[in-house]
Amino acid sequence: MGSGQDLRHRWDLSPREAVQLQKELARKVVLQPLPLDFDVLAAADLSYFKGGTYLAAVIVTFRWPDLSPIETVHVKAPVKFPYVPGLLSFREIPALLEAFQRLRTRPDVFLCDGQGLAHPRKFGLACHLGLVLDFPAVGCAKSRLCGEHPPLELRKGHSVPLVLNGERVGSVYCSRTGVKPLYISPGHLADLPSSEELVSRCVGRFRIPEPLRRAHAAATALREGRALT
DNA sequence: GCGACAG
DNA sequence: ATCTTGTCGC
């Protein structure tokens, strides 16, 4: 009993403890409109080295709203938590926090490659990262983890509600005509309308929002020992 | 017991 | 996520 305070800053948890912690922390998530007149956007992504023993965590910051890149930081760290659907944040956040410490720029918002509220316990990666850093965060996943939604017309700009247990937790958004949709959900200090607006403004010529594409490219480059441009 | 299942 | 070749379409 009373494990809340004890688990708050630990990452070496068992999957079972992690689930319990998510239930506690989910209550602390704040949903509110995210002002879209901020200055710096940060995008985070990771890539795993072959063998699965190491990973590269990357955070790239961009000037808003033109999205010109500011700086890129990264860390290579050993993987310490297995991939378990629903517990992704425990696997990726420790490394992202290390990368965050190397950042010289102060981000205003974080765009994450994963779910926010659209999670079985309403505590996806974006919620967890935002809460831990006390920063606004938005989740933008490439596939569905949970929730149901009506058919989506695959035309750029269209979106339908993503519902979980009768509650709207996100939006299924078509960023480009004819491509698979994106799963958008607020993480922390953001709400659905502003999250969807943020993501839509980040979409350029491809399905994946430019900031995430850039972060992903950097993470992949690191994995392949290449240079990050 | 049988599927589903972010990255 | 990563492992992998060619191939269909704009």
Side-chain angles (χ1 to χ4, degrees), chain A residues 11 15-16 18-19 22 25-26 29 43-60 74-97 99 110-132 137-149 154-156 162-165 169-188 192 195 199 204-209 211-226:
Chain A
W11 295 98
R16 177 172 176 168
V19 168
Q22 290 184 319
L25 297 183
V29 171
D45 190 40
L46 296 79
S47 74
Y48 295 80
F49 286 77
K50 50 187 180 300
T53 57
Y54 286 92
L55 58 75
V58 174
I59 294 179
V60 184
H74 75 275
V75 298
K76 177 177 181 178
V79 174
K80 298 180 178 179
F81 200 90
Y83 170 69
V84 180
L87 299 181
L88 181 65
S89 62
F90 290 89
R91 180 179 171 83
E92 308 197 329
I93 290 184
L96 287 176
L97 292 181
F110 270 86
L111 184 56
C112 306
D113 181 9
Q115 316 288 353
L117 268 191
H119 174 280
R121 291 169 290 284
K122 295 173 64 176
F123 198 68
L125 174 65
C127 298
H128 206 158
L129 184 64
L131 195 61
V132 170
V138 171
C140 179
K142 300 180 295 299
S143 63
R144 187 190 70 90
L145 171 60
C146 63
E148 306 78 47
H149 65 82
L154 271 43
R155 292 197 9 175
K156 182 180 176 66
L162 179 60
V163 177
L164 178 63
N165 299 320
V169 295
S171 288
V172 184
Y173 177 76
C174 184
S175 57
R176 297 287 295 174
T177 297
V179 303
K180 295 196 308 178
L182 258 25
Y183 295 76
I184 304 170
S185 58
H188 182 51
L192 191 47
S195 293
V199 173
R205 177 180 179 198
F206 305 95
R207 177 173 85 116
I208 306 301
L212 288 181
R213 287 189 73 228
R214 183 98 183 194
H216 187 275
T220 298
L222 288 169
R223 191 191 67 231
E224 301 177 343
R226 299 159 38 201

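So you know, we letter chains A, B, ... as the sequences are listed, proteins then strands, and number each from 1. All figures in this text were calculated on a predicted structure; none of them were measured in a lab.
At a threshold of 4.0 Å, the pair A:Arg214-A:Asp45 does not count as salt-bridged, since none of the basic side-chain nitrogens sits closer than that to a carboxylate oxygen.
Following rounding to the nearest Å, A:Glu148 (CD) and B:dG3 (C1') show an atom-to-atom distance of 14 Å. When the C1' atom of B:dG7 is taken as reference, atom CZ of A:Phe90 falls 15 Å away, rounded to whole Å. Rounded to whole Å, the distance from CG on A:Leu111 to C1' on B:dA6 is 14 Å. Between A:Lys142 atom NZ and B:dA6 atom P the separation is 10 Å, expressed in whole Å. Atoms OH (A:Tyr83) and C1' (B:dA4) sit 11 Å apart, rounded to a whole Å.
Using a 4.0 Å heavy-atom criterion, one finds that A:His216 contacts the sugar-phosphate atoms exclusively. Looking at heavy-atom distances under 4.0 Å, A:Leu182 makes no contact with the nucleic acid at all. Residue-level contact check: A:Tyr48 touches the backbone only, with heavy atoms under 4.0 Å from sugar-phosphate atoms and none from bases. Residue A:Gly178 is classed as having no contact, given no heavy-atom separation below 4.0 Å to the nucleic acid.
Taking the six-membered ring where the residue is Trp, A:Phe123 and A:His128 present tilted rings, their angle falling between 30° and 60°.
Here the side chains of A:Tyr173 and A:Pro181 are not in contact, with every heavy-atom distance at 4.5 Å or above. Side-chain contact between A:Val169 and A:Ser185: absent, with no pair of heavy atoms (C-beta onward) separated by less than 4.5 Å. Side-chain contact check for A:Lys80 versus A:Trp11: every heavy-atom pair is 4.5 Å or farther apart.
Not one side-chain nitrogen or oxygen of A:Tyr183 sits closer than 4.0 Å to the OP1 or OP2 atom of B:dA6.
Bounding nucleotides for the chain A contact on DNA chain C, 5' to 3', at a heavy-atom distance below 4.0 Å, are C:dA1 to C:dC3.
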